S.K.: 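Take this structure, written in structure tokens, and hold onto it; I'll ask about it next.
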Amino acid sequence: MPSFPPRVFSGVQPTGNLHLGNYLGAIKKFVALQATHECIYCVVDMHAITVPLPPADLRANIREVTAAFIAAGIDPKKHIVFNQSQVAEHAELAWVFNCVARMGWLNRMTQFKDKAGKNSENVSVGLFAYPALMAADILVYRATHVPVGEDQKQHLELSRDIAQKFNNDFADSIAACGHGEAFFPLPEPLIQGPATRVMSLRDGSKKMSKSDASDYSRLNLSDDRDTIAQKIRKAKTDAEPLPSELAGLAGRPEADNLVGIFAALAGESKAEVLNRFGGQNFSGFKAALVDVAVDALDPIGAEMKQLLKDSGHLEAILNDGAARAREIAAPVMTAVKDILGFVR
RNA sequence: AGGGGCUUAGCUCAGCUGGUUAGAGCGGUGGUCUCCAAAACCACAGGUCGAGAGUUCGAAUCCCUCAGCCCCUGCCA
């Protein structure tokens, strides 16, 4: 396998309010990677329409995710921030990958099975083909590293399968076109730091989700400080005081979750947090948690509000990012056409 | 395309042969309780009954048209 220059790609779907899970699980990591990698961060609006979404909502959500990227500290000048639909090469390569991927591979995707549920006959073809578009998102930049959460790992593995099958099926043509042994890298997951799986504030066994019926289940990036405080105060706990040791969190999902959130926001380990709060009541711990949560989230929310006031500025950022993304994607797509045998 | 079935609260569904302010469970919101929560209890909110037209004193319920979805049988590629 030849080596490819390192490049990070990741995307966030503009499908609803961004919450703490999105921030700790993705955006915060995107920010950190800027220091060490060339990064491309994409608002994947084409993925958002695999499920019904009113156009006005989609438009607003794209701006919101963009604002969150910037507010959280992503630098759109040094790196690339854009929305997917502006770079047609994503769709173009996705079609090619639809023809590389096998039905059987996609049938195994647990996220599809979850989302489709018993309505599997009634969901869009796009939802089924989603992983092929995701593979195209990554590989149209020949990205080598993808920061993903646990839930996206299976999709990334599929991207690797697609890249490998493409390299394999067209090996002769790839070599003949002067690309050596492999045209696409096999993108690797970047799962760094403690696994920050943020759970619902109402049920420690469920992931924090934008679709939960109760807004008390999540901390939104747009929540003001009073809302953050109220949600934490109402968060589910249990009857015991906090343990002093990590082992004491076993079987206590809600306590574990709150400690995990505290640790992630304060930049400490869970053990350090327990060292400090072990033996204390929840009311005291929650008060401290409100402080760290407000310190971490309120500035981002405030900056987002500012940015959202000027949609022209946000669009300029997206347009500029799209133009620079296209410069990378277009030659890759041209090479793919040559490899496949398309006449141009 | 033809035949059959379905469409009632956020979700799952009741509403018999037309009759007063359309219900339940779950979920949601508020309250009591609790170190904060949970559980429990109390209260509240939310539906133009898929859309439109019609019969009738009166339609979720009957007739017609349309749409969406599901199943079966075909047709085209």
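Letters A, B, ... are given to chains in the order of the sequence lines, protein chains preceding strands, and every chain is numbered from 1. This is a predicted model, so every value here is computed, not measured.
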S.K.: I need the single residue from A:L186, A:V148, A:I138 that forms a side chain to side chain contact (heavy atoms under 4.5 Å, CB included) with A:S159. Which is it?
M.R.: A:I138
S.K.: Output one line per pair: protein atom, nucleotide atom from nucleotides 32-36 of chain B, and distance, for all N/O pairs under 3.5 Å.
M.R.:
| unit_1 | atom_1 | unit_2 | atom_2 | d |
| --- | --- | --- | --- | --- |
| B:C35 | O2' | A:S283 | OG | 3.1 |
| B:C35 | O2 | A:F282 | N | 3.3 |
| B:C35 | O2 | A:S283 | N | 3.0 |
| B:C35 | O2 | A:S283 | OG | 2.8 |
| B:C35 | N3 | A:F282 | N | 3.3 |
| B:C35 | N4 | A:A239 | O | 3.3 |
| B:C36 | O2' | A:R233 | O | 2.6 |
| B:C36 | O2' | A:K286 | NZ | 3.0 |
| B:C36 | O2 | A:T237 | OG1 | 3.2 |
| B:C36 | O2 | A:K286 | NZ | 2.8 |
| B:C36 | N3 | A:T237 | OG1 | 2.5 |
| B:C36 | N4 | A:D238 | O | 2.9 |

S.K.: Taking only residues two or more places apart in sequence or in another chain, which ones pass side chain to side chain contact (heavy atoms under 4.5 Å, CB included) with A:M199?
M.R.: A:R197, A:N257
S.K.: Quote, to the nearest angstrom, the P distance that separates B:G18 from B:C42.
M.R.: 38 Å
S.K.: Select base, sugar-phosphate, or nothing to describe what A:R202 touches, counting heavy atoms under 4.0 Å on all strands.
M.R.: sugar-phosphate
S.K.: Rounded to the Å, how far apart are A:L242 CG and B:A37 C1'?
M.R.: 12 Å
S.K.: Whether the side chain of A:R326 engages the backbone of A:V87 through a donor-acceptor N/O pair (distance < 3.5 Å, no angle test) should be reported.
M.R.: no
S.K.: What's the verdict on side-chain hydrogen bond (donor to acceptor under 3.5 Å, both in side chains) for A:R7 and A:T144, showing C-alpha distance, side-chain angles and the deciding distance?
M.R.: CA-CA 5 Å; A:R7 176 179 282 154; A:T144 54; over 6 Å; no
S.K.: Once ring pair (Phe, Tyr, Trp, His ring centres under 6.0 Å) is applied, what residue pairs with a partner in residues 258-278 of chain A remain, sequence neighbours excluded?
M.R.: A:F262-A:F277, A:F262-A:F285, A:F277-A:F285
S.K.: Starting from P on B:G28, measure out to CG on A:D203 and report it in whole angstrom.
M.R.: 10 Å
S.K.: Taking ring-ring contact (aromatic ring centres under 6.0 Å, His included) as the test, write out the residues that go with A:F82, two or more places apart.
M.R.: A:H90
S.K.: Would you kindly give the CZ-to-P distance between A:R252 and B:A38, to the nearest whole Å?
M.R.: 16 Å
S.K.: What class does the angle between the rings of A:F184 and A:F97 fall in, given that below 30° is parallel, 30 to 60° is tilted and above 60° is perpendicular?
M.R.: perpendicular
S.K.: Nearest-Å distance, CG (A:D212) to P (B:G10)?
M.R.: 16 Å
S.K.: Tell me whether the side-chain N/O atoms of A:Y216 come closer than 4.0 Å to OP1 or OP2 in B:G30.
M.R.: yes
S.K.: Name all stems that contain residues of RNA chain B, defined as runs of 3 or more consecutive Watson-Crick or G-U wobble pairs, both distances under 3.5 Å.
M.R.: B:1-7 with B:67-73, B:10-13 with B:23-26, B:28-32 with B:40-44, B:50-52 with B:64-66
S.K.: Name all pairs fulfilling the salt bridge (Lys or Arg N to Asp or Glu O under 4.0 Å) condition that reach into residues 234-249 of chain A, sequence neighbours left out, sorted by first residue then second.
M.R.: A:K236-A:E254, A:D238-A:R252
